[in-house]
Each structure stands twice: as structure tokens, then as C-alpha cells.
Amino acid sequence: MNAPTLRRLEDLPGPPGWPLLGNALQVTPARIHRDVEQWAAQYGPLFRLRFGRYRQLVVADHELLNAVMRDRPDGFRRSPLTSQIGAEMGLPQGVFSAEGEDWRRQRRMVMASFAPGHVRAYFPSLLKVTLRLQGRWQRAAAAGAAIPLQADLMRFTVDAIAGLAFGKDINTLESGEDVIQRHLDKVLPAIFRRVLSIVPYWRWFKLQADRELDQSVAVIRSTILELIAQARQRLRDDPPPPDKPRHLLEAMILAADEPGSGLGDAQVAGNVLTMLLAGEDTTANTLAWMLHLLHRHPAALQRAQQEVRSLAPDPAAYQFDQIDNLPYLEACASETMRLKPVAPFIALQALRDTVVGDVAVPERTQIWGVLRHDSVSDAHFPRPEAFEPERWLDGAEPPLSTAAKRSAMPFGSGPRICPGRYLALLEMKMAMAMLLARFDIVSVDTPDGAPAEERMAFTMNPVGLTMRLRAAG
């Protein structure tokens with residue numbers, strides 16, 4: 001039997017482009033994910049794009065994407081552009097950008113720090129931050145004030161990560177200070193802009209925004225080095241039991257200091273930054289999307305509120321197992337991430353000649369993975385555009401197929417699935433349980449009253465949400 005003939009990249013359909021620039025002028029950076037999703041609907045699950053000199057194989061089939069992501073780090077890597085831009089900016093590099101054996105070493109260190117037992121031990125710190133968010137929103141509710149939703153949620157996630165990861169009580173929720181957050185907020189949008197820039201102008205001259213970015217990176221680097229130095233000093237002065245580090249940074253330092261780990265403070269610093277950036281942006285934006293969707297679906301909001309007020313009515317008395325056992329609230333998070341994944345695509349690069357589907361993929365070919373294509377397809381989900389959290393519950397009718405569950409990949413897939421996913425879900429459920437227990441949502445508003453606009457700035461965020469609350473009766 002003859003082997004099937006493989007297609008080449010140039011044989012694939014795709015939107016016609018311009019000489020030299022390719023399709024670069026046919027996308028808008030803030031909605032590039034939507035532009036490529038629309039092309040996937042037109043050209044199918046495998047098609048070609050070109051952004052300047054970079055040829056892209058676009059993959060919009062979740063089974064093919066799962067196969068690609070399982071073949072990491074040996075067969076595929078993240079697009080090197082992101083890590084190159086980050087290193088050029090002077091950012092320490094962590095597990096997110098590491099590859100090959102370096103990734104394997106760092107992965108062991110990071111996974112040890114995110115072990116379920118460690119996350120459970122950090123619960124009191126997370127509860128303290130959650131109660132501060134409650135106090136902030138109580139003051140806003142009493143004043144009838146509109147809450148800038150994403151700004152408040154960013155404060156919550158920065159405070160939570162600082163406490164959980166570094167034992168640092170920065171308390172932006174109560175102090176009004178947001179120094180580290182203000183600097184962090186510049187990093188991911190800057191990386192995103194530079195990755196998509198046709199001309200790397202900043203290498204020859206810098207605009208005011210580029211100079212401000214350099215200052216922010218310097219502050220972030222010095223803050224991270226100070227955190228590591230403080231943690232090492234405390235480990236010397238007051239060492240914890242070997243299996244009970246007080247926070248994630250201690251766990252990483254202890255793992256890095258294991259004989260033969262091949263890791264040092266440079267890798268610890270890179271992963272401190274990764275936790276700060278990933279822990280702030282992704283969790284806060286997912287929470288914002290969840291509140292927007294729940295407010296637009298009153299029946300789901302009422303069911304979530306009933307569950308919380310029955311099983312977890314008093315935030316001040318929350319226990320880990322209470323929050324871990326809120327199935328409908330967790331289903332709301334899963335449905336939010338299916339419809340509004342903050343990472344709707346992934347950019348990869350082939351490390352060797354390989355095959356994706358029926359396409360021959362030469363080494364160094366760029367892969368654009370459309371992560372949301374199948375998770376909003378009626379081939380996998382009935383009423384795919386509807387917000388129906390109950391579809392994720394045990395006993396749902398019709399039950400979700402394994403293929404449907406695999407088509408939603410908010411935390412990625414394969415060996416490089418997000419190591420902080422368990423902690424992220426815990427943060428989301430804590431904040432939402434507190435809100436639903438103590439408040440009624442009066443409104444979640446967009447600037448124009450329409451459904452929230454999606455904007456890409458490394459992660460996908462809703463534009464301009466404000467929320468009004470009143471104390472629960």
C-alpha cells in the first residue's frame with residue numbers, strides 16, 4: 001500500500017497577502033485572535049499565513065493541537081520570538097520560556113513548589129487577601145460607587161501571588177499603593193506589541209513608552225532579587241522543616257539547592273517573574289469574564305449564588321475543603337474559560353522536520369494554534385455559543401464527551417500544561433465565593449452597554465468593565 005501523499009505548506013489554502021509583508025497588514029493586533037479564527041472558519045483546520053518573513057502553519061483542530069503539544073519540548077517549542085523579546089528587555093527567564101533540558105530541570109523545581117499539599121498550606125494567606133477584597137467592595141457598595149473591575153481584580157491577584165509565592169504582604173487592596181502592579185502591567189502588553197511589530201524600531205531609538213518600560217523592568221528586576229535575598233536570609237535564620245516551605249519561593253529555592261539540580265538564582269528569578277505575570281493577568285481577566293457572563297445569565301448567577309450561600313456562606317470562616325467542593329462554581333469557571341480563554345491561541349515552532357495531520361512541516365516552521373476553534377464548535381458542544389455551566393457537571397444531559405472536554409484547553413495541554421492551574425482555580429473560586437456570599441450584583445457594565453469587547457494584549461481581556469454591588473440582604 002502506498003503511503004499517503006503529504007501536502008506542503010505552500011499547497012495549503014490561505015488568505016492572499018502582500019509581497020514581503022504577507023498577511024501582516026490584514027490583522028489588527030488587538031483582535032488578531034479573532035482575525036485568525038475567522039480565517040479558520042473560511043479555510044479549514046489547516047491553512048497557511050505569512051507575517052513578514054515568518055511562514056505560519058495555522059492549526060485549528062484540537063486533536064492535532066494536542067498531538068503537537070504532547071510533542072514538547074523535543075519536537076516543538078514555544079515561538080522563540082517571545083523569549084527573545086523578553087531577554088532583550090532584560091527580563092529574567094523562567095519555565096515559561098525555557099526549552100529542552102533547561103525546561104525539564106526548571107519544571108521539576110516549579111512543580112515541587114505547586115504541589116497540592118503546599119497549595120493547601122498557603123490557604124490562610126489567600127483567605128486574608130480575599131477578606132481584604134471583601135472590605136474594599138463593602139466600602140464601594142456602601143458608597144454606591146462603580147468598581148473598576150479589572151483594576152480591583154488585578155490588585156487581588158497581585159496581593160494573592162505576593163503572599164502565596166513570596167510570603168510578602170504588599171496589600172495594594174487596602175493601602176492604595178500599586179507600585180509593583182503598575183510596573184508589571186507594562187510588561188506583557190509590551191512583549192505582545194514588539195512580537196507583532198514589523199520593524200523593531202526600539203533597537204535603534206526609543207520612544208517615551210520604551211524608556212518608561214526600561215525603568216519598569218529595572219524596578220521589577222531589583223524587586224525580584226530583593227525577594228530572593230530576603231527568602232534566603234530567612235531560610236538561614238529560621239529554616240522550616242524540609243517538607244514544609246512557608247511559600248512558593250522557599251519551595252523553589254530548596255528545590256534549586258538540591259544536589260545536581262543544575263539550577264540557581266537566575267532560574268529562581270525567572271520563575272518569580274513568571275508567577276507574578278501569569279498569576280496576575282490570567283486569573284484577574286478570567287474572573288472579569290466570569291462576572292460579565294454570569295451577570296448576563298441571571299439563572300446561572302442565581303444557581304451559583306444559591307450553591308455558595310448554602311455551602312460556603314461565611315467567607316471569614318472558609319476552609320480549604322469548602323472551597324474545593326463548589327461544583328457549580330467550578331463549572332462556571334470551566335464554561336467561562338471555554339468561551340473566553342485568556343490565551344485563545346498558542347505560537348510554537350517545529351524543532352525538526354515533522355508531520356501535522358497530512359502536512360509536511362519543515363524544521364523551524366512557525367505553528368499558530370487556534371485553541372478556541374473546536375471549543376465553540378457545534379461538532380463538540382450543543383449550543384456552543386451559549387453560557388451553560390451545567391454542561392460540565394457530573395450527570396449532565398447530554399454528558400460531555402471526552403473529545404469535547406479535550407477541545408477546551410485553557411491551561412494548555414501535554415507536558416507543558418500550566419503548573420499553576422490548581423492554584424489559579426482556587427483563587428477564582430475564593431474570590432467568587434466571597435462575592436456571591438456577601439453581595440448582590442447590581443450591574444456589570446461595558447462602556448457601550450454591548451457584550452464586552454475582546455482585546456488581545458498578550459492575554460485576552462474584556463474592555464472597560466465596571467461593577468456595582470449592594471450588600472446581600
Open item on the list: If we ignore hydrogens and angles and just use 3.5 Å, is the side chain of Glu307 paired with the main-chain N or O of Leu329 as donor and acceptor?
Closed with: yes

Open item on the list: Less than 4.0 angstrom from a charged side-chain N to a carboxylate O is my criterion; do Asp210 and Lys186 meet it?
Closed with: no

- [ ] Step by step, work out the side-chain hydrogen bond (donor to acceptor under 3.5 Å, both in side chains) result for His183 and Ser216.
- [x] CA-CA 5 Å; His183 295 298; Ser216 289; 2.8 Å; yes

Task: Side-chain ion pair, Glu453 and Arg34, N-O less than 4.0 Å - done: no

Open item on the list: Heavy-atom count check: over 12 atoms from other residues, nucleotides or ligands less than 6.0 Å from Arg104 CZ?
Closed with: yes

Open item on the list: Donor-acceptor check, side chain of Asn23 to backbone of Phe51, threshold 3.5 angstrom: yes or no?
Closed with: no

Task: salt_bridge(Asp321, Arg120) N-O dist < 4.0 Å - done: yes

Task: Basic-acidic side-chain contact under 4.0 Å: Arg416, Glu99 - done: yes

Open item on the list: Taking Arg31 first and then Asp35, would you say they form a salt bridge - that is, a charged N and a carboxylate O separated by under 4.0 Å?
Closed with: yes

Open item on the list: Taking Asp440 first and then Arg309, would you say they form a salt bridge - that is, a charged N and a carboxylate O separated by under 4.0 Å?
Closed with: yes

Open item on the list: Under a 4.0 Å threshold between the charged nitrogen and the carboxylate oxygen, would Asp159 count as salt-bridged to Arg132?
Closed with: no

Task: Short side-chain to backbone donor-acceptor contact, Gln56 and Arg48, under 3.5 Å - done: no

TODO: Report the C-alpha separation of Lys340 and Glu335 in whole Å, then their side-chain angles, then the decisive distance to 0.1 Å, and conclude whether the salt bridge (charged side-chain N to carboxylate O under 4.0 Å, His left out) test is met.
DONE: CA-CA 8 Å; Lys340 301 293 184 181; Glu335 185 73 340; over 6 Å; no

- [ ] Please work out whether the ring planes of His297 and Phe387 are parallel, tilted or perpendicular, with thresholds of 30° and 60°.
- [x] tilted

Open item on the list: Quick test of your reading: applying ring-ring contact (aromatic ring centres under 6.0 Å, His included), list the pairs with at least one residue in residues 332-352, sequence neighbours left out, ordered by first then second residue.
Closed with: Phe345-Trp368

- [ ] Please answer whether the main-chain N or O of Met409 pairs with a side-chain N or O of Ser413 as donor and acceptor at a distance below 3.5 Å.
- [x] no

- [ ] May I ask you to check whether over 12 heavy atoms, not counting those of Asp448, lie within 6.0 Å of atom CG?
- [x] yes

Open item on the list: Does the Lys NZ or Arg CZ of Arg438 fall within the cation-pi geometry relative to Trp137 - under 6.0 Å from the ring centre and within 45° of the axis?
Closed with: no

Task: Closest approach of Leu126 to Met430 (non-hydrogen atoms, all atoms of both residues) - done: CD2-CG, 3.8 Å

